[in-house]
Number of protein chains: 2
Amino acid sequence: MVTIKDIAAILQVSPSTVGRALADDRRISAEMKRKVNEAATQVGYVANQAARMMRGVESNLVGLIVPDIRNSFYSTIAHALSRCLLSANYQLTLCETDDDRMLELRHIKELTSVNVAGIILVPSAKPHPDSARFLKMTPHIQLLRKQQLLGEQWFGIDDRRALYESTLHILSEGHRRIAYIGGTEALPTGAARVQGFREAVKTSSHQVDIHEELGAPSSPEFGREAVRRLLSLKERPTALVIGAVQNTSGVIDEIQDQALSVPRDISVVGFGDELGYRWWGPGLTTVQLPVSQLATACGLWFLHHLQNKGDLDTPYSFISPPQLIIRGSTAAPSNPR
Amino acid sequence: MVTIKDIAAILQVSPSTVGRALADDRRISAEMKRKVNEAATQVGYVANQAARMMRGVESNLVGLIVPDIRNSFYSTIAHALSRCLLSANYQLTLCETDDDRMLELRHIKELTSVNVAGIILVPSAKPHPDSARFLKMTPHIQLLRKQQLLGEQWFGIDDRRALYESTLHILSEGHRRIAYIGGTEALPTGAARVQGFREAVKTSSHQVDIHEELGAPSSPEFGREAVRRLLSLKERPTALVIGAVQNTSGVIDEIQDQALSVPRDISVVGFGDELGYRWWGPGLTTVQLPVSQLATACGLWFLHHLQNKGDLDTPYSFISPPQLIIRGSTAAPSNPR
DNA sequence: TTGAAAGCGCTAACAC
DNA sequence: GTGTTAGCGCTTTCAA
């Protein structure tokens, strides 16, 4: 490993001169800076961050904790954040929790241990109390999901409104037997979404039959099973409203496998917007969430506070509105009551 | 920040005793260890990795460099690797290059600077010579793409064979006017894939018309344009063979927009296997690449070498075979010559 | 079984 | 404008 001492030895100057030259200190002559920089690139010098940090210089690592990076929500977030952080010379450290609170705690400890400048996290369903304790030691902000326990700052999406709007759309098409397939109410997002669904239904002046399939954890498999259960009812729902990304692919696969015609036999509103939704049958009507914008906004805000030592404790929520994308999978029911 | 000194002060022992107790040194009495551990959790002590590293202890960070995490190839890789590394207590640091060699170099320097234990990378098209120089200082291994310049160890996929097989499939269906839409030959993967395409064509005993659309960089937009160009030919190809993931969605979107009937008007073989490919029209026939397995194998191998100080210099290639998934988008041409 | 002390590479306060 | 020196938190000799 090449250190500033080595460079100092080569140029016959003191280590501090080299250090200052590399830090572009204004007390160092241009000539010396030139020589030092030349020698540094010559021998392939790379500053030792560990040593810097021991001197109190802040780390340029930011931890990102998400459930599963393969989920396009989270890879979009990771991408947007890494772009955003890069511009300020920060690196992203990726941690996956698989929605496991112990794993989450382990990652938080680990990140604290490497002195990350901050942590951006999508918290798990029921975080460990110790996670909150360790997070107190590090600037952090929550994304998408919000757990009171972990802090007061949050960038999220209006989940209630997302489902409110997709349900309203279905109602406006004339459906009166509607099923909701979503995640558990234990997750704040899950709770907000069913709530949105229920509220929308309440606004209807007609009598509306509803079925709720709330699964934990959300998964394609749960989506499939929910569809099977719903189709076996005497009175089948004429429309399906989905309230979790992970459920969506299972639901639409099952509908395809059962050879139902969409939207004739059944209308479907998806959640999230994966690449392939537009290819499915007549195109899946869905609520699109502005995840990329959200992550960028979050990254900028976070950076701003890291750099200005601003406090990330005062409660603040940034709520971003969803957008309904209407494709071919929703229409009026073929035989309304 | 809580240090071992603080714990030492609380327990009225020396810092070294605390350090040893935490390291589970066998010379420390069980009683003392118990007290130290209790005090440590009590006050929320977290070891300072920076300080450890200064003493020569290896970092537990592994750098992952990929072009774009939103690409499902790379998010799959990131997921598989992070699982794999987690079991050995390593963390993943994510870097996106956007296929930009300067960005790649910057990331490599940065990673060297934080003393990562190693680097796993999907190299860019034409890496900067300095990247090679800095990589020499750190254990590293290449994934998917292989650049001689950057090192000798590589875990990849048999790209030549992937295209060889998809082309063979198309030929066996009876097509004689075939177009290839893929990436530039400047990338090793791109080159191998066209080569596979050409070799397959050569095996045919019939006369086969081919068109090659090689784009750089690959993108949905390029895919769309390529399709438009191909469809405007007097003699339209009856089959399309795709040789790049990024092109695939553009190609199939354009075919859908042009309202072509697949496979009647044209047959299509895709590349990679995104979630939505099975929803597109009659289902997209495609070559599936075992990316997850590949990444896991790579992670295991890498860990093994990190932990055993094994050398990662001796040339070694691990090549994984692709698999053709036949769905509905390929059939015999409706009006063969 | 425990303590004292050196030193990793760097920065910054203090000299000159 | 440049050199000297102390010290960040930890591990690891060497001493006791």
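For the numbers below, each heavy atom of this structure counts, side chains included, while hydrogens, waters and symmetry mates do not. By convention in this document, chain letters (A, B, ...) are assigned in the order of the sequence lines, proteins followed by strands, and residues within each chain are numbered from 1.
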Rounded to whole angstrom units, what separation is found between the [atom1] atom of [X] and the [atom2] atom of [N]?
| X | N | atom1 | atom2 | answer |
| --- | --- | --- | --- | --- |
| B/Leu11 | C/dT1 | CG | P | 18 Å |
| B/Ile7 | C/dG3 | CD1 | P | 14 Å |
| B/Arg34 | C/dT1 | CZ | P | 16 Å |
| A/Ile4 | D/dT2 | CD1 | P | 15 Å |
| A/Asp25 | C/dC10 | CG | C1' | 14 Å |

### Query
With a cut-off of 6.0 Å (strictly less than), are more than 12 heavy atoms of other residues, nucleotides or ligands near CZ of B/Arg83?
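No, because the 6.0 Å sphere around CZ of B/Arg83 holds 12 heavy atoms or fewer from other groups.
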
Notebook entry, point to check: Just checking, is any N or O donor in the side chain of B/His128 or B/Glu104 under 3.5 Å from an acceptor N or O on the other one?
Noted result: no

Do B/Trp301 and B/Gln153 have a side chain donor and acceptor closer than 3.5 Å?
yes

Proximal nucleotide (of C/dC10, D/dG1, C/dG3) relative to the A/Thr3 side chain:
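Looking only at heavy atoms from C-beta outward on A/Thr3, the closest nucleotide is C/dC10.
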
Would you state whether a donor and an acceptor, one from the side chain of A/Arg55 and one from the base of D/dG7, lie under 3.5 Å apart? yes

Tell me whether the side-chain N or O atoms of A/Ser16 pair up with the base of D/dT4 as donor and acceptor below 3.5 Å, since no angle test is needed here.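 Answer yes: a donor N or O sits under 3.5 Å from an acceptor.
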
List in chain and number order the residues that pass side chain to side chain donor-acceptor pair (under 3.5 Å) with A/Asn37, two or more places apart in sequence or in another chain; answer none if no residue qualifies.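 Side chain to side chain donor-acceptor pair (under 3.5 Å) check on A/Asn37 returns nothing, list empty.
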
